[in-house]
Amino acid sequence: MTLFGTTLDGAQIAALVGLLATLALWLVILGRERGYAKWFRQWEADRKARLDAERAESEPKREPTGPWG
């Protein structure tokens, strides 16, 4: 097989295929990692909102006092 004017033997073709497979694997892993990071940020935001809502309803409402309310 000739690639860019260079003749490749079986070992070089196997190495090229291995490198391309490794690149594909890393791209899949990168996509999943970014998806997990996005999901985790959203989960944390939802959790914080839920905790803030629980704290807000459990705090007693007090009447404003003083000149600034």
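- Of the possible donor and acceptor atoms, one in the side chain of Q12 sits under 3.5 Å from a partner among the backbone N and O of D9.
- Between R50 and E54 there is a side-chain heavy-atom pair separated by less than 4.5 Å.
- For the atom pair OG1 (T22) and CG (L27), the distance works out to 11.0 Å, reported to the nearest 0.5 Å.
- Note that CZ of R41 is 13.0 Å distant from CG of D46, once rounded to the nearest 0.5 Å.
- Residue W39 qualifies as enclosed at atom CH2: its count of foreign heavy atoms under 6.0 Å is above 12.
- Of the options V28, I29, L30, a side chain to side chain contact (heavy atoms under 4.5 Å, CB included) to R32 is made by V28 and by none of the others.
- Atom-to-atom distance recorded for K48:NZ and W43:CH2 is 14.0 Å, nearest 0.5 angstrom.
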